[in-house]
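To start, the structure under review is shown below, and the notes come after it.
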2 protein chains.
Amino acid sequence: MTKVTATSDSHLSGVAIWRRIADAVRLDIVGGKLARGDKLAGEMELAERFGANRHTVRRALQALAAEGVIRTEQGRGSFVDSAKRLSYPIGRRTRFSEGLAGQASELRRQVLGTRLENASASVAAALGLVSGAKVTRLDTVSLADGRPISRATSWVVYRDFPDFAARFAGEQSTTAVFAGLGVSDYVRASTRISARHADAEETALLKLAPGAILLVSEGVDADVNGRPILYGLSRFPADLMELVV
Amino acid sequence: MTKVTATSDSHLSGVAIWRRIADAVRLDIVGGKLARGDKLAGEMELAERFGANRHTVRRALQALAAEGVIRTEQGRGSFVDSAKRLSYPIGRRTRFSEGLAGQASELRRQVLGTRLENASASVAAALGLVSGAKVTRLDTVSLADGRPISRATSWVVYRDFPDFAARFAGEQSTTAVFAGLGVSDYVRASTRISARHADAEETALLKLAPGAILLVSEGVDADVNGRPILYGLSRFPADLMELVV
DNA sequence: TCAACTTGTCTAATGAACTAGACAACTTAG
DNA sequence: CTAAGTTGTCTAGTTCATTAGACAAGTTGA
């Protein structure tokens, strides 16, 4: 378990001690050191381990209980109440549902909306367009067993696929939509991965605790001729997901 | 620029408002929205944008100035004083120095130490050993232009490469060490990527602000026959680095 | 039943975080 | 030079984070 230097520099970090303790304990759980049903150390022992007060530890445990990660019972202790992280595979043939099959019993992609917009500098660069060119934007949230696990935004060149938005309403899968538009196959041309804190909108949509960390995956899909067809920006809660290359 | 809902839920997140503002502004800088030398919005405008007090914004800017990300001048404003994120390539032939060549003028790997230890459950599983088998552990910190950009730990099967630790003292590159041990080529068999907050030791070694986010890359290198030879765990400051697949 | 150990709840005190307002000091454009 | 706009620095008050100690309430095993 990771040690947190408590009192000395909590005011320098801007991150409350109870949150750092909660993060450390959650890491042991989603990282596999503690399995579902395991008993956590007692509040006194945790307080000593982190060099903090028992009340501070209690606040961390309350946050984890509110997230559904642990469950606390008076007189007995706290127990792990969640599973390991899901692994999202990334490769040349990244497909959403195939990769997670077997790790969750129910996968669903929910469309937040589509709209036509002018490509920003970064979107235009990724798709090989001039800045301001028309693109179709698709916003989605994906759920595994009812729990949100990713927030994705995709941009498609409007000139090449004017029907993209309309077709997506009927189909649930990007692969199927492109198949209907004459693109029988596509591959991931490049992927960039970074990490940051979730903003307010992401916190709400992904039902996260405020201040949660996101893994951000940014990539371009290209057809068999290497022409860019889709630019995607996916955000995964780092506590729930890991990316496997 | 990302909006932060300020007063309403700062106490629920455990992350101070000034830190969230600092993170949002830093994200605009390392993400490329603001270039070196650009002028930031004024303190009043930032305060309004984030729904916070000017004093709170000032604290965020002071933190960024202390990190060396911006520079503030009385009567004039604040200016960007740092460059974009470095991109670390990940693929079947991940090599440290090759990938970053051209992005920094000086790359250095510093050996913190080597030691013989018994494989933990996760290390044993990755290398295909029984738990407790002897492995050589190597701890390093890498620097680009004098700035720490990664903290890595590697484990090598002792039985297969008993001289690994000794040889690493002379050579600076893992590739060169394996070449001297008869492994002419090796490839990355698998990579898992996650993200979390830095702990106290990582914060110190990587010279980070407390509470910084790390990208964690975990992978196994295998020789041409597919036999695992090295298990590596690398941690990159998410503000300085992104991973490119 | 009893003793030891667990979590739950209360009071109290200190310091940091945040807000609010005012004014000084500096820079720039007119 | 002047006016407008910028950052720097005070004071003051409220809320939250953290510590400390004490005791209640539930669980477990001897």
Side-chain angles (χ1 to χ4, degrees), chain A residues 3-25 37-66 69-81 200 209-211, chain B residues 3-25 37-66 69-81 197 209-211:
Chain A
K3 179 77 181 299
V4 176
T5 46
T7 41
S8 51
D9 59 2
S10 74
H11 61 288
L12 292 177
S13 82
V15 180
I17 299 173
W18 65 264
R19 171 142 296 282
R20 290 195 274 168
I21 293 175
D23 288 345
V25 172
D38 280 2
K39 184 174 180 303
L40 269 63
E43 294 174 355
M44 289 293 217
E45 186 184 333
L46 287 173
E48 194 175 355
R49 184 183 303 171
F50 290 108
N53 191 275
R54 178 174 157 237
H55 295 289
T56 309
V57 169
R58 281 180 61 74
R59 175 138 194 202
L61 297 180
Q62 280 158 13
L64 292 174
V69 175
I70 65 168
R71 169 178 33 86
T72 299
E73 296 176 22
Q74 180 168 359
R76 299 193 63 212
S78 294
F79 302 85
V80 177
D81 199 24
Chain B
K3 179 77 180 300
V4 175
T5 46
T7 42
S8 50
D9 59 4
S10 76
H11 62 289
L12 293 178
S13 80
V15 180
I17 298 173
W18 65 265
R19 170 142 297 280
R20 290 195 276 170
I21 293 174
D23 287 345
V25 172
D38 281 3
K39 184 177 180 302
L40 269 65
E43 293 174 356
M44 289 293 218
E45 185 183 334
L46 288 173
E48 194 174 355
R49 185 183 301 170
F50 289 109
N53 191 275
R54 181 177 156 235
H55 295 288
T56 309
V57 170
R58 281 179 61 74
R59 172 132 197 206
L61 297 181
Q62 281 158 12
L64 291 174
V69 176
I70 65 169
R71 170 179 32 88
T72 299
E73 297 177 21
Q74 180 167 357
R76 298 193 64 213
S78 294
F79 301 85
V80 177
D81 199 26
H197 284 122

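Just so it is clear: chains get the letters A, B, ... in the order the sequence lines come, proteins before strands, and each one is counted from 1.
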Please state how far atom [atom1] in [X] lies from atom [atom2] in [N], giving the value in whole angstrom units.
X        : N       : atom1 : atom2 : answer
Arg58(B) : dA16(C) : CZ    : P     : 19 Å
Arg59(A) : dT7(C)  : CZ    : C1'   : 18 Å
Phe50(A) : dT18(D) : CZ    : P     : 13 Å
Ile17(A) : dA16(C) : CD1   : P     : 12 Å
Arg71(A) : dT7(C)  : CZ    : C1'   : 14 Å
Glu43(A) : dT7(C)  : CD    : C1'   : 5 Å
Leu40(A) : dT6(C)  : CG    : P     : 13 Å
Glu48(A) : dA20(D) : CD    : P     : 13 Å

Q | NE2-CZ distance between His55(A) and Arg58(A), expressed to the nearest 0.5 angstrom | A |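 Going from the NE2 atom of His55(A) to the CZ atom of Arg58(A) covers 8.0 Å.
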
Q | Separation between CG of Leu40(B) and CG of Leu46(B), rounded to the nearest 0.5 Å | A |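 If I round to the nearest 0.5 Å, the distance is 6.5 Å.
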
Nearest heavy-atom neighbours spanning [X] and [Y]:
X        : Y        : value
Gly14(B) : Trp18(A) : CA-CZ2, 3.3 Å
Ala22(B) : Leu64(B) : O-CD2, 3.7 Å
Val80(A) : Arg71(A) : O-NH2, 4.1 Å
Glu43(B) : Arg54(B) : OE1-NE, 2.8 Å
Ile21(A) : Thr56(A) : CD1-CG2, 4.4 Å

Enumerate all atom pairs, one protein N or O and one N or O from nucleotides 2-4 of chain D, separated by less than 3.5 Å.
none

Q) Do the non-hydrogen side-chain atoms of Val57(B) and Asn53(B) ever get within less than 4.5 Å of each other? A)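 SC-SC contact between Val57(B) and Asn53(B) ruled out.
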
**Q.** pair Met44(A)-Glu48(A): side-chain heavy atoms closer than 4.5 Å
**A.**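 A side-chain contact is absent here, since even the closest heavy-atom pair is not under 4.5 Å.
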
Q | Set of residues satisfying side chain to side chain donor-acceptor pair (under 3.5 Å) with respect to Glu45(A), sequence neighbours excluded | A |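 Expected list: Arg49(A).
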
Q. Who are the side chain to side chain donor-acceptor pair (under 3.5 Å) partners of Ser78(A), not counting sequence neighbours?
A.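 Residues passing side chain to side chain donor-acceptor pair (under 3.5 Å) with Ser78(A): Thr72(A).
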
Q. Please walk me through it: do Val69(B) and Val25(B) pass side chain to side chain contact (heavy atoms under 4.5 Å, CB included)?
A. CA-CA 10 Å; Val69(B) 176; Val25(B) 172; over 6 Å; no

Q) If only side-chain N and O atoms of Arg76(B) are considered, is one of them under 4.0 Å from the OP1 or OP2 phosphate oxygen of dC26(C)? A)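 No, no such contact exists.
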
All N/O contacts under 3.5 Å from nucleotides 3-5 of chain C to the protein, with atom names and distances to one decimal?
none

Q.
So for the helix from dT1(C)-dA30(D) to dG30(C)-dC1(D), with five pairs setting each end axis, what is the inter-axis angle to 10°?
A.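 The end-segment axes of the helix from dT1(C)-dA30(D) to dG30(C)-dC1(D) are tilted 30° relative to each other.
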
Distances for protein N or O near nucleotides 10-14 of chain D N or O, under 3.5 Å:
none

Q. Within the modelled atom types, does a donor on one side and an acceptor on the other bring the side chain of Arg54(A) and the base of dG21(D) under 3.5 Å apart?
A.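 In this structure, the two groups form no donor-acceptor pair.
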
Out of [options], which nucleotide sits closest to the side chain of [X]?
X        : options                   : result
Asn53(B) : dT19(D), dT7(D), dT19(C)  : dT19(C)
Gln74(A) : dT18(D), dT28(C), dA25(D) : dA25(D)
Thr56(A) : dT19(D), dC26(C), dA17(D) : dT19(D)
Thr72(B) : dT19(D), dT28(D), dG8(D)  : dG8(D)

(Q) I'd like to know whether His197(B) forms a side chain to side chain contact (heavy atoms under 4.5 Å, CB included) with Arg20(A), so could you lay out the CA-CA distance, the side-chain angles of the two residues, the decisive distance to 0.1 Å, and finally the verdict. (A) CA-CA 8 Å; His197(B) 284 122; Arg20(A) 290 195 274 168; 5.9 Å; no

